[in-house]
Structure formats: C-alpha cells, structure tokens
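Numbers here simply count residues along the sequence, with the first being 1. The basis for the numbers below is simple: all heavy atoms, side chains too, and nothing from hydrogens, waters or symmetry mates.
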Amino acid sequence: MKTVIVIPTYNEAKNISELIDKIFALGIANLEIIFVDDNSPDGTANIIRSKQNNHPIHLISRKEKLGLGSAYKVGFTKAIDIGADFIFEMDADFSHDPADIPKLLQTAREKNCGLVIGSRKIPGGRIIGWSKWRQFMSTGAMWFSRKILKLKVLDVTAGFRCFSRAVLANMEINKINSNGYAFQEELLYHTQKLGYKICEIPVIFFDRQKGKSKLSKKDIIEFF
C-alpha cells in the first residue's frame with residue numbers, strides 16, 4: 001500500500017527540512033511526499049531539492065502564487081498518477097504534528113473510511129496558540145458552514161486529512177471552484193455527497209511558530 005502526503009508550500013524555508021526529516025523518521029512503509037511550491041522567494045524549493053537524493057520526494061514548482069486549492073488539485077492528480085492508495089493533506093508549518101500521521105492512516109485502514117480528518121473539534125482535539133477571538137470566529141464560521149451545507153463533520157476547515165484513493169479518483173477535482181481555504185469545505189461537501197464514510201480523530205493543532213500565516217481577508221470572504 002502506497003501512502004502519499006501532499007504539502008503545498010510558500011515561504012516555508014524555516015520549517016521544511018525539519019518537517020521532511022520527521023515525516024520519514026516515522027518509518028511508514030512505501031511513503032512518498034509531493035510538494036507543490038508556488039515559487040517561494042525564500043528558497044523553499046531548493047531545500048526540498050536538497051532532500052530528494054535521500055528520500056522519495058516529488059517537487060512540483062509553479063511560477064507564481066496560485067493558491068491552496070489549486071495546489072492540492074495538482075498534488076492529488078500527481079498522487080493518483082503515481083499509484084497512491086492513501087493521500088494526505090498536511091500543512092508545512094508544523095500546525096499538524098507528523099506523529100499523528102500513523103493514527104490517521106491506521107483509522108483509514110481499520111475502519112474503512114473514505115476520509116479521515118484530524119479534528120480539533122471532537123473530544124481530545126484542541127487548538128493551541130489562537131486568541132479567544134480567533135477561536136470564536138472559527139467556531140462561528142464552521143457552524144455557519146455546517147448549517148448551510150448540511151455537513152455532518154464537526155471540523156469543517158481542518159487541513160489534516162487522509163483520503164482513500166477511491167474518493168479523489170471518483171471526484172471531479174478540477175470542477176471544484178474554491179481556491180483558498182474554502183477549498184477544504186467544498187472538498188468535504190463533495191466527499192459527503194458521494195456517500196463515503198468520513199471519520200474524525202482528535203488532534204492537537206499548534207499555531208505556527210516560524211514563518212507567516214497565509215490566511216487573508218480574501219480567503220475569509222471566499223469561505224462564506
């Protein structure tokens with residue numbers, strides 16, 4: 001069984017080398033990473049290239065900043081092309097703990113889940129480093145999204161996910177219109193609509209310690 005992790009990057013030079021080392025230190029059999037880099041001016045792509053001799057890493061370099069959603073669409077397509085059985089979404093900034101990857105993968109295998117979400121909103125999950133105001137805004141946005149789209153999942157915007165190949169292969173990925181963080185809710189909506197089993201397991205989300213957040217006002221407006 002092949003596991004592929006898709007990680008979009010933009011200016012993650014302070015995080016990327018350590019992240020790669022920690023992921024491969026997990027010892028997961030037949031694991032590969034696809035990085036989709038949007039021409040990071042800080043040299044992120046060069047650091048990734050320096051790791052390719054020692055690890056099974058793919059780098060898709062784009063000429064400009066084209067957005068989170070489009071990066072995942074390109075990465076998912078590549079993952080399917082190279083024969084992935086399980087495909088992860090994951091941030092590059094250590095908001096998602098690499099140590100949780102085996103837990104998501106085990107749940108996907110044992111419970112036959114089409115999608116496993118590393119959830120901050122179920123018992124045992126939480127967010128560290130956000131202000132009370134940001135937590136309040138996030139909770140309100142998720143409530144709104146769940147009501148409008150009739151989503152059953154509690155953590156609508158979670159970016160730590162493990163898909164089975166079938167979900168992404170059977171979904172018309174390129175028809176998803178969202179490109180920013182709203183991509184996550186639209187992808188979830190289509191997964192639920194196709195009837196796949198969706199599981200949530202608790203994770204602790206850490207606000208980034210190095211680098212700058214990519215969340216913009218444009219992303220928030222698009223989400224709503």
Side-chain angles (χ1 to χ4, degrees), residues 2-24 31-84 86-96 98 101 115 118 157-163 165 167-169 171-191 208-223:
K2 178 181 284 190
T3 301
V4 176
I5 303 174
V6 179
I7 305 178
T9 56
Y10 184 75
N11 284 350
E12 294 292 353
K14 294 179 179 179
N15 295 304
I16 208 67
S17 180
E18 184 182 358
L19 180 66
I20 291 170
D21 291 343
K22 288 195 172 183
I23 289 175
F24 284 109
L31 172 69
E32 300 181 21
I33 302 177
I34 297 172
F35 288 102
V36 184
D37 185 70
D38 278 357
N39 197 26
S40 298
D42 70 347
T44 297
N46 289 332
I47 297 172
I48 294 169
R49 290 188 188 99
S50 73
K51 295 285 190 175
Q52 287 182 305
N53 290 332
N54 298 318
H55 300 294
I57 293 172
H58 307 266
L59 174 61
I60 300 172
S61 295
R62 307 199 293 179
K63 294 183 179 180
E64 57 185 316
K65 198 170 186 293
L66 297 174
L68 182 75
S70 67
Y72 273 128
K73 287 191 282 188
V74 169
F76 290 160
T77 301
K78 175 71 173 180
I80 290 169
D81 287 345
I82 63 176
F86 295 99
I87 303 167
F88 275 77
E89 290 185 11
M90 185 176 181
D91 290 347
D93 60 2
F94 284 102
S95 295
H96 305 138
I101 293 172
L115 167 60
T157 60
F160 198 8
R161 301 177 176 185
C162 175
F163 291 90
R165 175 189 179 89
V167 174
L168 297 178
M171 190 184 298
E172 295 181 280
I173 293 292
N174 289 324
K175 289 188 177 180
I176 295 180
N177 297 316
S178 303
N179 193 33
Y181 287 84
F183 176 80
Q184 303 291 22
E185 65 174 342
E186 189 170 356
L187 189 60
L188 178 59
Y189 171 80
H190 288 295
T191 302
R208 70 159 59 239
Q209 300 298 309
K210 300 176 183 178
K212 295 182 179 179
S213 173
K214 310 302 189 300
L215 182 64
S216 67
K217 290 182 180 179
K218 180 181 177 182
D219 291 325
I220 295 171
I221 293 169
E222 183 191 27
F223 176 89

Which residues satisfy the side chain to side chain contact (heavy atoms under 4.5 Å, CB included) test with [X], sequence neighbours excluded?
X      : value
Ser70  : Arg62, Leu66, Asn179
Tyr189 : Leu149, Leu151, Lys193
Lys2   : Val4, Asn30, Glu32, Ile82, Asp85
Ser17  : Asp21, Ile47, Lys51

Residues forming a ring pair (Phe, Tyr, Trp, His ring centres under 6.0 Å) with Phe35, sequence neighbours excluded: none
Partner residues of Phe88 under the ring pair (Phe, Tyr, Trp, His ring centres under 6.0 Å) criterion, sequence neighbours left out: none
Non-neighbouring partners of Asn46 that pass side-chain hydrogen bond (donor to acceptor under 3.5 Å, both in side chains), sequence neighbours left out: Arg49
Ser40: side-chain hydrogen bond (donor to acceptor under 3.5 Å, both in side chains) partners, not counting sequence neighbours: Asp37
Positive for side chain to side chain contact (heavy atoms under 4.5 Å, CB included) with Met90, one of Ile101, Ile33, Val6: Ile101
Apply salt bridge (charged side-chain N to carboxylate O under 4.0 Å, His left out) to [X] and list each qualifying residue two or more places apart in sequence or on a separate chain.
X      : answer
Lys78  : none
Asp42  : none
Glu64  : none
Lys175 : Glu172

